[in-house]
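See below for the structure under consideration.
Here the structure is a predicted model, which is why all the values come from computation and not from measurement. All chains are named by letter (A, B, ...) in the order of the sequence lines, taking the proteins before the strands, and each is independently numbered beginning at 1.
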2 protein chains.
Amino acid sequence: MVGRPRSEQARRAILKAALRLCERDGYPNVTLKGIAEEAGAGRQTLYRWWDTKADLLLEAMTDLVGSSHAPSQAGLETFLSETFALADGAIGRIVAGLMAEAQSDPALGERLRERLIGPRRDALRAVLERMPPPPGADLDLLVDMIFGAMWYRLLNRHAPLDSALAGDITALVARIAASPGPHGDLPG
Amino acid sequence: MVGRPRSEQARRAILKAALRLCERDGYPNVTLKGIAEEAGAGRQTLYRWWDTKADLLLEAMTDLVGSSHAPSQAGLETFLSETFALADGAIGRIVAGLMAEAQSDPALGERLRERLIGPRRDALRAVLERMPPPPGADLDLLVDMIFGAMWYRLLNRHAPLDSALAGDITALVARIAASPGPHGDLPG
DNA sequence: AAGATTTCGAGGCAGCATGTCTCGTATTGA
DNA sequence: TCAATACGAGACATGCTGCCTCGAAATCTT
């Protein structure tokens, strides 16, 4: 491999410009052309390293929130409150835009699951397993219903995504944990 | 009001062409131009009566599934199985596309909630209220988590949307109903 | 030091969809 | 008969995409 190496400075400028434009204009109104101009980069530089706008923003998002996928020692309510707080702001709008775009781009959907949604699911699952007592139910179903409610509110916007929801969900999960489950694993 | 009346024949031809193209090419690949040609209509005729492609498809969808919002006498598992079966096919892909487009069009989101999502929520709520015994929990939260899981799988496609999910959810809700709730409304 | 290779910013180009406009025609009520 | 409106058809400007080229810069190999 010879030749001029990729400019890390240009890469950072482009990702930063993309995030800035998303905050200012909203994800759907951002164009690759606009990002290039905002970053002072050539358009071909973007097309060389990313296939689509969504790809570019996905990399920007993983750079941003990738660290928060580390195994959390927090309880369920805290974990959900922090997650909802993240999803309620500009980051949430971008992720919603990515999910929207994934409806017309299956390959993007795959990358989204691998890099963002999958790790987040794993983190929630770990928190549920550590609960005293553990719910003793199908954890994958619980994850689907908890994060399902989050995505439902994020995309449909019929109700806020706040700590009240985190509390309500936590209470419901505790109630499930205290109920006679299919495995007969009631505490005591 | 004088002048030539709106052609109901043209309206039906356009809606039908839109649905046909959605099945053939997928919602995101359908264009107003293509719909007009497929329907043998002028493009201005589409722009006169609908603001966007999403508006047009939303009308087509409500014409299709509007009747299924009638109060159902079915149990939870049957209701969910039927709903998931609807959402798992071509209709589901169209609705997913509408939800995706609503991320960049708040007015469309509003219409979507009013005409499709709201009525469906009400129907599920009614089914939950009629359960023996009723869950005795926050029904709105339950609706969020059940339809949340549905939307989550519809959009993220990490797991199938089938009758197995309907069964699992029904079992979990039954378990919640049988648990000591915040209102102390255990049967017996 | 010289040359090959690759990236860089910049911009031209065709292709496609959008949304507006115009045209001639058809259909209704006054 | 006449005004008003919808109809099918198509032209037009606009904006974004994705590919192409250009000259310059940066790095490795020889």
Most 5' of B:G34 and B:P5 on DNA chain C, judged by nearest nucleotide = B:G34
Quick one: A:K33 NZ to D:dC19 C1', roughly how many Å, whole number?
-> 14 Å
Of the candidates C:dG9, D:dC12, D:dC7, the side chain of B:S7 sits closest to D:dC7
Spacing of B:D25 atom CG relative to C:dA17 atom C1', expressed in whole Å | 15 Å
Whole Å only: how far is the CZ atom of A:R43 from the P atom of C:dC13?
-> 13 Å
Looking only at side-chain N and O atoms, does A:R48 come under 4.0 Å of OP1 or OP2 in C:dC8?
-> yes
A:R113 to A:W151 six-membered ring, cation-pi geometry met (6.0 Å, 45°) = no
Nearest-neighbour nucleotide for the A:R4 side chain, D:dC7, C:dC13, C:dT6 considered = C:dT6
What is the distance, rounded to the nearest whole Å, between atom CD of A:E8 and atom P of D:dA26?
-> 17 Å
Interatomic distance where CZ belongs to A:R11 and C1' belongs to C:dC8 [whole Å] = 17 Å
Taking atom P of C:dT18 as reference, at what distance in whole Å does atom OH of B:Y47 sit?
-> 5 Å
For the side chain of B:W49, starting at C-beta, report the closest nucleotide among D:dA6, C:dT22, D:dC19.
-> D:dA6
Heavy-atom check, side chain of A:L98 versus side chain of A:Y27, under 4.5 Å = yes
Flag yes if more than 12 heavy atoms outside A:Q9 fall under 6.0 Å of its CD atom; otherwise flag no.
-> no
Looking only at C:dT5, D:dG8, D:dC20, the nucleotide nearest the B:T45 side chain is D:dG8
Nearest-nucleotide 5' precedence on DNA chain C, B:L32 against A:A10 = A:A10
What integer distance in Å separates B:Q44:CD from C:dT22:C1'?
-> 10 Å
Is any side-chain heavy atom of A:M150 closer than 4.5 Å to a side-chain heavy atom of A:I146?
-> no
How many Å lie between CD on B:E38 and P on D:dA9, as a whole number?
-> 13 Å
In A:K33, A:R43, A:R20, the residue satisfying salt bridge (Lys or Arg N to Asp or Glu O under 4.0 Å) with A:E38 is A:R20
The answer to which of B:R6 and B:A36 contacts DNA chain D further toward the 5' end, by nearest nucleotide, is B:R6
Tell me which of A:N29 and B:I14 sits closer to the 5' end of DNA chain D, going by the nucleotide each one is nearest to.
-> B:I14
